[in-house]
Novice: 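Have a look at the structure that comes next, please.
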Amino acid sequence: MSAAQHQALVLGSVSFVAFVFYLCFLLRSRRTNFSVFAACNLLFVALVFGAVALVDLSGGRAEIMVAVMMELPVVLIVAWVCLALAGGLPAILGNLPAEPVSRRPWLRAVLGSAPLVLLLSVGLATAVGLIWPSPALRVYAPAPPQFVVLKALIMAPECFYSGFAAVVFVMAGRAPGLKRRFYYKNLAFSVGMGCIALIAVESTVFAGLRVWLSGGDRRASLEMLNTVETCLATSCILAFAAGLSLRYTPAVATTLLQRLQTGWLRAQEEFESLEWQAVSTVAADQLSHASDAVVEACRIKGLSESDTQRALATIRLVAVMRDPSSETQYITSDAARELYELQQEILRDDVLASKISWAAGWRSRANEPQTVKSAPLHDALKAALDLVDNDGESEGVRTPPLWHYIVAVSAADAKMIDPAQVSMQLRDGAEHRAAVEAYEDARRVLRILEGND
Amino acid sequence: MNVEAPQRDLRGPFLNRLVGFWRPLRNLSAARSRVNATRSLLTAAQFQEELSILGLSGRRFEPEDYSDALADYLDISIAVHVIPDSWYPELTRLLALSGRLGELRYAERLNLAAIFVPGSLPPLVLTLTILHELGHLAAGDLLIEFDEQPDEDDQHAEEVKFTTLPLKKGKKLARGNPFAEESLREREANLRASYALFAGCLGDDSPHAYDMYDVL
């Protein structure tokens, strides 16, 4: 077995072990596009080195072709990593750039040029090798100066791009406020790419030594460099394996967020905007007296601002749901129930329900932001459904709050709902009587105010 | 959404003739780019890239912060005017009858964008309406060359990729060009609004916040 075959056997074995490790421990648990690509690449490397170890291809242009093929997997890895950092992969593989790249278009341009430049340099090196053949696979044999040109043509851009990618990974890992896991992940990838850059430098120096050194010095130096290269290659593989094995599970799942975006948010925005349009265009006149009375009754009973808002939202909903005109056709009991159920789904997740909030107004940071739970609409939907669509079966489960009674009395008085049904639902208890009294007082106050006007 | 294009009234006959020669050539290249340039609707992950450019990725933010960051990036002034229509029910009725929840005006000469929304809108709708209009600014929808009208029948709604239009001079945040079809521009502005709302609420709990730190 020649020295070249021996080296190929060592490298092929390392690659195969790495491939098996990958398959058994990483690929199952951490399947990313890159990990699949790297696994294929490792297998390709193992096969190429295996072929070289089994068949003596030394001499002539075949040796050049095999040597170039052995460089190809690393070149492809560097090209893939650069393209991934630049966000240049096809959309199906995820085409987001690394964070530092997204803010610097020149970085994206440099990294995006990697595949083209690297493959061109490989092509050029192949041409040089085919025109001036050299003993590329005989590791310790003396080589002509053209061999350095061949190596440098591949290694210079490989060193540049892998070094560049290592720096970008460091930049990404140093982002302020980043979780430690991502810091270590990017650091691991940076080490891996740094190793590839060092291997490229080492490989060029190796080629130079084969040209310019002779005798025992050359052999000893080359053997030392070979050891360095093996260490660097092993470190590189381990660093990438460590980087890929570091996982992060976000607090909110992507699928849940998608469901909220397409389900709840869309439904609530549509419902609220249609209700606003219906109230503003059709139900405004009918509502003005009823809502004034509700507000006044709430004030008389000393209810909080949030309860008053809930009462107002409910009377608006009842008015729109009971309005027969075409402008209000979309605000139905079914639509209200569907939205209420979507809101209930969010409220089952305490963390999510507390996080999703929106401002009560533009540049009004003094006011508390609204959440699904705290926004008046949530309770208003339930109350309006109880009043408009209730068959009397669910009553008695919980006692409604006072604002609910006030709305019921007001809606019955405005003929929005059947007064007999309200009396039956609310069972003429103490709360009901208090609401009736407050409502009558409120009407009296409003009549006096109107008389004064 | 309306654009006040700057008036150019110093065109002499020579310039007019030059423009006459230039237009077919420009249209030819635009047509070609229109055929070639297609893209799909914005994804939440892609929106995160835009947030990263604005320095908001992984942070909790309010629509005001998004507006300020967008204004800084685009180098324009963005003014949001909340109309106090609650005091004037007739005004609210007219606004509601118009069927538009918000209006975006852009004065190119003044580098000024103004968003008008009725203050009587429910808070969530108000927030989403403002974010929707800001989404038009981010997408560069106001920079479309409006003489480049798309063919009505060259797209089908079920297609995953949609035709885009070239832009005149100006800055946008989005990576891709605006869609040729207005309905798609509106749909994407809605998407941007919902992504912005959730990204602002969740901050670093967003599942997309770290996509750009995990590219491999």
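Letters A, B, ... mirror the listed sequences (proteins, then strands); counts begin at 1. Side chains included, hydrogens not; waters and symmetry mates left out as well; all remaining heavy atoms used.
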Novice: Taking the side chain as every heavy atom from C-beta outward, state whether Lys185(A) and Tyr213(B) have any atom pair closer than 4.5 Å.
Specialist: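 Not touching, per the 4.5 Å side-chain cut-off.
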
Novice: Any non-hydrogen side-chain atom of Trp276(A) less than 4.5 Å from a side-chain atom of Leu126(B)?
Specialist: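 No; the side chains remain at least 4.5 Å from each other.
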
Novice: Under a 4.5 Å cut-off applied to non-hydrogen side-chain atoms, are Leu377(A) and Pro122(B) in contact?
Specialist: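 The answer is no; the side chains never approach within 4.5 Å.
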
Novice: Please determine whether the number of non-hydrogen atoms from other residues, nucleotides or ligands lying under 6.0 Å from atom CZ of Arg174(A) exceeds 12.
Specialist: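 Not buried by this count: 12 neighbours or fewer within 6.0 Å.
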
Novice: Where on Arg175(B) is there a heavy atom nearer than 4.5 Å to chain A: the side chain, the backbone, both, or neither?
Specialist: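 Just the side chain, heavy atoms under 4.5 Å.
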
Novice: Nearest 0.5 Å please: distance from the CD atom of Glu99(A) over to the CD atom of Gln48(B).
Specialist: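 Here the rounded value is 10.0 Å.
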
Novice: Using side-chain heavy atoms (C-beta onward) and a distance below 4.5 Å, is Leu124(B) in contact with Gln370(A)?
Specialist: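 Side chain of Leu124(B) against side chain of Gln370(A), heavy atoms only: no contact under 4.5 Å found.
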
Novice: Is it true that a side-chain atom of Asp211(B) and a backbone atom of Leu96(A) form a donor plus acceptor pair closer than 3.5 Å?
Specialist: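 No, Asp211(B) side chain to Leu96(A) backbone: no donor-acceptor pair under 3.5 Å.
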
Novice: Look at Gly55(B), Ser57(B), Pro63(B), Gly58(B) and state which one has the largest set of heavy-atom pairs under 4.5 Å with chain A.
Specialist: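 Max contact count across the listed options: Pro63(B).
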
Novice: Between Thr92(B) and Ser280(A), which heavy-atom pair has the shortest distance, and what is it?
Specialist: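 Here Thr92(B) and Ser280(A) meet closest at CG2-OG, 3.4 Å.
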
Novice: Would you say Arg60(B) and Lys355(A) make side-chain contact, with heavy atoms under 4.5 Å?
Specialist: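 Yes, close enough: below the 4.5 Å cut-off.
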
Novice: Please state whether the side chain, the backbone, both or neither of Leu260(A) comes within less than 4.5 Å of a heavy atom of chain B.
Specialist: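 Both backbone and side chain.
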
Novice: Does any heavy atom of chain A fall under 4.5 Å from the side chain of Ser67(B), the backbone, both, or neither of them?
Specialist: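 Only the side chain of Ser67(B) comes within 4.5 Å of chain A.
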
Novice: What is the distance from atom CZ of Arg93(B) to atom CD of Gln277(A), rounded to the nearest 0.5 Å?
Specialist: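 With rounding to 0.5 Å, CZ (Arg93(B)) is 13.0 Å from CD (Gln277(A)).
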
Novice: Contact part of Arg108(A) toward chain B, heavy-atom cut-off under 4.5 Å: side chain, backbone, both or neither?
Specialist: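 For Arg108(A), side-chain heavy atoms alone lie under 4.5 Å from chain B.
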
Novice: Under a 4.5 Å heavy-atom cut-off, does chain A meet the side chain of Val82(B), its backbone, both or neither?
Specialist: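 Only the side chain of Val82(B) comes within 4.5 Å of chain A.
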
Novice: Please determine which of Leu128(B), Thr127(B), Leu197(B) meets the side-chain contact (heavy atoms from CB on, under 4.5 Å) test together with Glu269(A).
Specialist: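 The single option meeting the side-chain contact (heavy atoms from CB on, under 4.5 Å) with Glu269(A) is Leu128(B).
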
Novice: Checking heavy atoms, do the side chain of Leu101(B), its backbone, both or neither come under 4.5 Å from chain A?
Specialist: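 When you check distances to chain A, only side chain atoms of Leu101(B) fall under 4.5 Å.
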
Novice: How are the rings of Tyr210(B) and Phe182(A) set to each other: parallel, tilted or perpendicular (split at 30° and 60°)?
Specialist: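 Answer is parallel, since the angle falls under 30°.
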
Novice: So which residue, Pro250(A), Ser357(A), Ser102(A), ends up with the most heavy-atom pairs under 4.5 Å with chain B?
Specialist: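 Top option by heavy-atom pairs under 4.5 Å: Ser102(A).
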
Novice: Measuring from atom CZ of Arg247(A) to atom CG of Asp214(B), what distance do you get when rounded to the nearest 0.5 angstrom?
Specialist: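 With rounding to 0.5 Å, CZ (Arg247(A)) is 11.0 Å from CG (Asp214(B)).
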
Novice: Any heavy-atom pair between the side chains of Leu257(A) and Leu202(B) that's under 4.5 Å?
Specialist: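 They are in side-chain contact.
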
Novice: OH of Tyr73(B): more than 12 outside heavy atoms within 6.0 angstrom?
Specialist: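 Atom OH in Tyr73(B) is packed in, count exceeds 12.
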
Novice: Would you indicate whether the side-chain heavy atoms of Phe169(A) and Val215(B) approach each other to under 4.5 Å?
Specialist: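 With C-beta onward as the side chain, the pair touches.
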
Novice: Do Leu216(B) and Phe240(A) have side chains that get closer than 4.5 Å, going by heavy atoms?
Specialist: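 SC-SC contact between Leu216(B) and Phe240(A) confirmed.
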
Novice: In terms of heavy-atom pairs under 4.5 Å, which option from Gln261(A), Glu275(A), Glu272(A) contacts chain B the most?
Specialist: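 Sorted descending by pairs with chain B, the first entry is Gln261(A).
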
Novice: Need one label for Phe189(A): side chain, backbone, both or neither, based on atoms under 4.5 Å from any heavy atom in chain B.
Specialist: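 Just its side chain gets close to chain B.
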
Novice: Counting only non-hydrogen atoms closer than 4.5 Å, does Ala253(A) touch chain B with its backbone (N, CA, C, O), its side chain (CB onward), both, or neither?
Specialist: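 Only the backbone of Ala253(A) comes within 4.5 Å of chain B.
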
